[in-house]
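Some notes on the structure that comes next.
Just so it is clear, the structure is predicted and the values come from calculations on it, not from any experiment. Naming convention: chains lettered A, B, ... in sequence-line order (proteins, then strands); numbering from 1 in each chain.
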There are 2 protein chains.
Amino acid sequence: MNSPTASLPTLTTDIVPFAIRGERLEVLLARQTTGWGLPGGPVGVDEDLDAAARRQLAEQTDLSEVYLEQLYTFGRPDRNPARRMVAVAYFALLPIASGSVGVPAAGDAVRWAAVDELPRLVLDHGEIVAVARCRLAAKLLYSTIALQLMPECFTLSELQAVHEIILGESLDKRNFRKRVLALDCIEATGELARHGGRRPARLYRARRPGQVELIK
Amino acid sequence: MNSPTASLPTLTTDIVPFAIRGERLEVLLARQTTGWGLPGGPVGVDEDLDAAARRQLAEQTDLSEVYLEQLYTFGRPDRNPARRMVAVAYFALLPIASGSVGVPAAGDAVRWAAVDELPRLVLDHGEIVAVARCRLAAKLLYSTIALQLMPECFTLSELQAVHEIILGESLDKRNFRKRVLALDCIEATGELARHGGRRPARLYRARRPGQVELIK
DNA sequence: TATATTAGTGTCATTTGAACACTATTACAA
DNA sequence: TTGTAATAGTGTTCAAATGACACTAATATA
């Protein structure tokens, strides 16, 4: 076994914070000295990786209590020309319209951008977003992860729209409802949503909020 | 954003080298000062993560040209009581009976162990193996990854046995052949295997060796 | 030459997935 | 108040995929 190297790579976490806003999948970007990039930064000496990602997201975007999942670790030596950095990437899922998901405390330091119309991002952050998006779309098909993008109460039409936006294709309403109800992962609240639309829709909630279950 | 921390975690790679040996799924372990563990070690200052994993596997086990895939990054602060270490874990797949897969150059420094009867491993390496095993079993179901465990030429019975060993259940011979042949990922060589058995079996090879394709 | 062992093959029933159109309920406008 | 526009909600039918199942073929060995 070779001996440890003299110098060590800097270890960071980068977080891809996803939310459905309007009719699009968007990512929350953080302003950095050289341009726009993902929230994140160096991992503390004795800090857990998940905790570091959660802390940085909270500090930089004022978001907490989000679903967070490790994505991949990016470590090409040339990914940062300045100094060697290895990034443990995460993605976060934010519920639709969760309170201050507009412009958080940091004011001008963050902005939302549609994942389809991202500006050029610093380093390899564009690639990280692309990988995260693939993973999210893949997991829609074999897990209940979409519920992490929903508010506490939601209608089936809203849930279907989330799927359609991420997958980029329209789904059959009856088949969608049949499948999602058969999964037994949501339940009707008994309330109706009367938000401007015509006929009010039944509201549902996750049976086991916070839990992502594999399906099929 | 907080400033970089004074000290940095040590970054390592750990590799879970899988192979089918006998009728079992086995892992190649490396002797360490405090007991048996996974091959791996510190990442070089300007070394790519994948390259580091590949190098360490080659140095410590004399294995090269293997399939390598990043698994997960383990960074709990208490995973190493001595000093903070973050490990980017990989798993490797070795073809059955690939030359010196017995006892490589390092002599006494490595040993094979059945994944079901592992000795106690250093640090959290037991957990890493468990995660790798789950991932491997999962990928069997939606990819052609099993081919990475096969030698250049193999019979359908051998390929089926590999699936059965990893999944831990027996499969129907006719259904298995129907499915795998329909995938169009292997082709008959025209040769027959006459290795002691009774009726000789047709030999097959991967159409696109080295490539792992998603299926279904 | 008889026997033991593994290789190789097809059908049918069931389940799953995909396509498809109409009625119901409300808000709002005339 | 009544009509209209908009979204919510609901079953059936067909096709495709999956899973269960048993026998013949080819060779080595006794």
Rounded distance in Å - CZ (B:Arg194) to P (C:dA7): 13 Å
Over 12 foreign heavy atoms within 6.0 Å of CD, B:Glu213: yes
A:Arg202 side-chain N/O to D:dT7 phosphate OP1/OP2 under 4.0 Å: no
NZ/NE/NH1/NH2 to OD/OE distance under 4.0 Å, A:Asp184 and A:Arg207: yes
Presence of donor-acceptor pair under 3.5 Å, side chain of B:Arg199 and base of D:dA25: yes
Residue B:Glu65 excluded, over 12 heavy atoms near CD under 6.0 Å: no
Five-pair end axes of the helix from C:dT1-D:dA30 to C:dA30-D:dT1 and the angle they enclose, rounded to 10°: 0°
Contacting residues from residues 167-183 of chain A, given that a heavy atom lies under 4.0 angstrom of DNA chain C: A:Asp172, A:Arg174, A:Asn175, A:Lys178
Donor-acceptor pair, side chain of B:Tyr72 and main chain of B:Ala89, under 3.5 angstrom: no
Stepwise side-chain contact (heavy atoms from CB on, under 4.5 Å) test for A:Gln60 and A:Leu28: CA-CA 10 Å; A:Gln60 294 167 41; A:Leu28 188 59; over 6 Å; no
Interface residues of residues 134-158 of chain A with DNA chain D (non-hydrogen, below 4.0 angstrom): A:Ser157
Nearest-Å distance for atom pair CD/P, residues A:Glu164 and D:dT7: 13 Å
Side chain proximity check, B:Leu136 to B:Leu25, heavy atoms < 4.5 angstrom: yes
Derivation and outcome, side-chain hydrogen bond (donor to acceptor under 3.5 Å, both in side chains), residues A:Ser157 and A:Arg202: CA-CA 10 Å; A:Ser157 295; A:Arg202 292 185 197 154; over 6 Å; no
Proximal nucleotide (of C:dT5, D:dT7, C:dA7) relative to the B:Ala201 side chain: C:dA7
Check ion pair B:Arg24-B:Glu117 (N to O, under 4.0 angstrom): yes
Residues B:Asp116, B:Arg133: salt bridge by 4.0 Å N-O rule: yes
Over 12 foreign heavy atoms within 6.0 Å of CD, A:Glu187: yes
Aromatic plane relationship, B:Phe176 with B:His163 - under 30° parallel, 30 to 60° tilted, over 60° perpendicular: perpendicular
